[in-house]
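Only one structure is covered here, and it is reproduced in the block below.
Along the sequence shown, the residues carry numbers beginning at 1. It should be emphasised that the depicted structure is a prediction, and the values quoted were computed from it without experimental measurement.
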Amino acid sequence: MTQRLSRRGFLSTALAAGAFAATSARAEAPLTSLRPVGRGEDLRLRNLKTPEELISASGLHGIVGFSAFNLATGAVIDEHDPEVGMPPASVAKALTASYALDTLGPAHLFTTQVLATGGITNGVVAGDLVLLGGGDPTLDTDGLAELVDQLAQAGVTTVTGRFLVCGSALPFTRTIDVEQPEHLGYSPSVSGLNLNFNRVHFEWKRGGSGYEISMDARSASLRPAVHVASMGVVSRSMPVYTYSDSDGRDEWTVASGALGNGGARWLPVRKPEIYAGEVFQAIAGGKGIKLSAPQIVETAPEGEVVARHDSAPLQTVLREMLKYSTNLTAECVGLASTAARDGRPLSLRQSAEAMSNWARTDLGLSHVAMVDHSGLGADSRIAARDMARALLEVNRRLGLKPLLKKFPMRDAQRRMVENHPIKVHAKTGTLNFVSGLAGFADLPDGTELVFAIFCGDLDRRDKLTLAEREKPDGASYWNARAKGLQSSLIERWAVLSAS
């Protein structure tokens, strides 16, 4: 016999079955035991992801090392592979700033001078005029114009002798990192006489019969043409730029297929003393002071100081360096610091080794070996724990934190978060498939942390060809993921610290 089941009866049976199933489930022992909540336990720790989980979620391959300390007590908050030496990239500039502050002091000035060797009579210099560099990395075309104005105010109208330029205050370095493509403006030459961060402005515009191009040393108010660097437009698609040293000049060519209708970029200068001298000569000529072509000398002759230009105090120079990550500034202040401590270094690498020795002896670091002061060279190494300890110690001595710029925190989609409750002041560092962040974090409860995070896929970086190093495929996406991981780690530390 078939029994018909009404809709009401079906619902009643289903509910009863559900109640029976629920009762049965409650009656059986759970498959895993549930840990009781301890009295006073912070429940946020239960859902807090481990460093390994955060690194896995970031999708980054390679190595991630970090270390975080309580700034007031020095107690370790969190660490992961803290003793693995990693390329710091531009995070190295925070170490260089510490080295310079400790050696030169925050009020140190870099001075550029103009000397007259034969005295001045009725406006005539009866000898040579010397433009003498003092290692100022921030000297620009307007600064040279101020020197020329002082020369004119001193009544100088004629120079009977030579016009000499001298940059021997610091050792000459042709390029900061030889592994960088030749045309990149962030790896210029380094000298004791620098101008416009040792870059020349190249501008182009398509005209009726080809391209109109210019090479100049522009500043806020001046635009003197430059002849020590020249550019030729060549009908080709690749390479975009070529460089040659021809008779003491920087000879560039550019592929016409890469120019479009117009544009501009800064190119590195490889003849910084002649570059500065040529611009000084042009500005002086505009004031009616005729000078011969500049000649380089290794040792400046003695003479009367007729003009001088001082940089901003070192503390200001360093703040700008950390904000804009200017490689030339880092190399100059690092070299000047070594010169003040040990005498003029023979090379950039020797000076970087001296800075590493200072970090080991004065700060107690153990895993640090720098090849430059800017972090541009990928062979530099420092461990995250050592970087964090260096910032901790230097901040206690010299107050480094106010010199660092704000770092924006990011959400899970790697978007910047406005008004985030955690405030970070830090130095970033970026090379191809290398990302670093080191600095200080102000937590909502008033606690201050000091930390360093280094991420690097060094195998992938090492496989890049020279041509791929300016904009390699995947590097921007990788860097964005690294920055997202950095924010996630800082948020983790805020929970750990509060708990």
Side-chain angles (χ1 to χ4, degrees), residues 42-71 75-84 86-91 94 382-388 391-392 401 404-458 460-461 474-499:
D42 191 332
L43 296 180
R44 291 176 298 177
L45 294 176
R46 286 200 171 188
N47 298 320
L48 189 64
K49 291 185 177 180
T50 66
E52 292 76 14
E53 289 172 331
L54 291 176
I55 293 169
S56 177
S58 73
L60 292 179
H61 296 286
I63 302 170
V64 176
F66 65 77
S67 188
F69 300 90
N70 182 295
L71 182 61
V76 176
I77 299 298
D78 202 14
E79 288 188 326
H80 178 83
D81 284 344
E83 294 185 341
V84 177
M86 294 285 286
S90 284
V91 170
I382 187 169
R385 181 185 292 163
D386 275 4
M387 189 71 225
L391 297 181
L392 177 69
K401 181 180 175 182
L404 296 171
K405 68 178 181 180
K406 294 181 180 179
F407 173 79
M409 295 288 286
R410 296 175 183 270
D411 62 16
Q413 286 73 44
R414 298 182 290 280
R415 299 170 301 195
M416 289 188 292
V417 179
E418 298 290 340
N419 300 317
H420 196 285
I422 302 173
K423 308 301 179 185
V424 177
H425 291 80
K427 182 70 191 80
T428 59
T430 304
L431 295 172
N432 294 326
F433 303 107
V434 170
S435 180
L437 183 71
F440 305 87
D442 297 336
L443 306 185
D445 64 357
T447 303
E448 295 179 88
L449 304 183
V450 58
F451 67 89
I453 308 168
F454 294 129
C455 311
D457 189 343
L458 303 187
R460 189 172 180 182
R461 174 183 169 79
S476 295
Y477 181 71
W478 188 95
N479 184 58
R481 284 184 169 272
K483 283 181 165 48
L485 173 61
Q486 290 158 4
S487 290
S488 296
L489 288 171
I490 294 170
E491 289 176 335
R492 167 182 161 81
W493 301 336
V495 175
L496 288 175
S497 179
S499 302

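When every heavy atom of Ala475 is checked against every heavy atom of Asn432, the shortest pair comes out as CB-OD1, 4.4 Å. The minimum heavy-atom distance between Met409 and Ile422, with the atom names listed, is CG-O, 3.9 Å. Between Leu485 and Cys455, the shortest heavy-atom contact is CD2-SG, 4.2 Å. Across Leu392 and Asn70, no two heavy atoms sit closer than the pair CD1-O, 4.4 Å. Nearest heavy-atom pair across Val91 and Lys427 is CG2-O, 3.4 Å. Between Pro82 and Phe66, the closest heavy-atom pair is CB-O, 3.8 Å.
For the side-chain hydrogen bond (donor to acceptor under 3.5 Å, both in side chains) test, no residue two or more places apart in sequence or in another chain qualifies with His61. Partners of Arg481 according to the salt bridge (charged side-chain N to carboxylate O under 4.0 Å, His left out) rule, which considers only residues two or more places apart in sequence or in another chain, do not exist here. Not counting sequence neighbours, Asp81 has no partner by the salt bridge (charged side-chain N to carboxylate O under 4.0 Å, His left out) test. For the salt bridge (charged side-chain N to carboxylate O under 4.0 Å, His left out) test, no residue two or more places apart in sequence or in another chain qualifies with Lys483. Remark: Asp445 pairs with Thr447 by the side-chain hydrogen bond (donor to acceptor under 3.5 Å, both in side chains) rule, at least two apart or across chains. For the side-chain hydrogen bond (donor to acceptor under 3.5 Å, both in side chains) test, residues two or more places apart in sequence or in another chain that qualify with Glu79 are Ser67, Arg385.
Ile382 places a side-chain heavy atom less than 4.5 Å from the side chain of Phe454. Side-chain contact check for Leu458 versus Val434: some heavy-atom pair is nearer than 4.5 Å. Using a 4.5 Å cut-off on side-chain heavy atoms (C-beta onward), Glu52 and His80 make contact.
The CE atom of Met387 lies 14.0 Å from the CE atom of Met86; values are rounded to the nearest 0.5 Å. Taken to the nearest 0.5 Å, the CG atom of Asp78 stands 9.5 Å off from the OG1 atom of Thr50. Distance check: Glu448 CD to His425 NE2 gives 10.5 Å after rounding to the nearest 0.5 Å. The CZ atom of Arg492 sits 12.5 Å away from atom OG of Ser497, with the distance rounded to the nearest 0.5 Å. Between the CG atom in Leu449 and the CG atom in Leu443 there is a gap of 4.0 Å [rounded to 0.5 Å]. Rounding to the nearest 0.5 Å gives a distance of 10.5 Å between CE of Met416 and OG of Ser487.
The environment of Glu418 atom CD is sparse: at most 12 non-hydrogen atoms of other residues, nucleotides or ligands sit within 6.0 angstrom. Shown here is Lys49, whose NZ atom has no more than 12 heavy atoms of other residues, nucleotides or ligands within 6.0 Å.
A donor-acceptor pair under 3.5 Å is formed between the side chain of Ser58 and the backbone N or O of Ile55.
Ring planes of Trp478 and Phe433: perpendicular class, angle over 60° (limits at 30 and 60°).
No side-chain N or O of Thr428 forms a donor-acceptor pair with one of Gln486 less than 3.5 Å apart.
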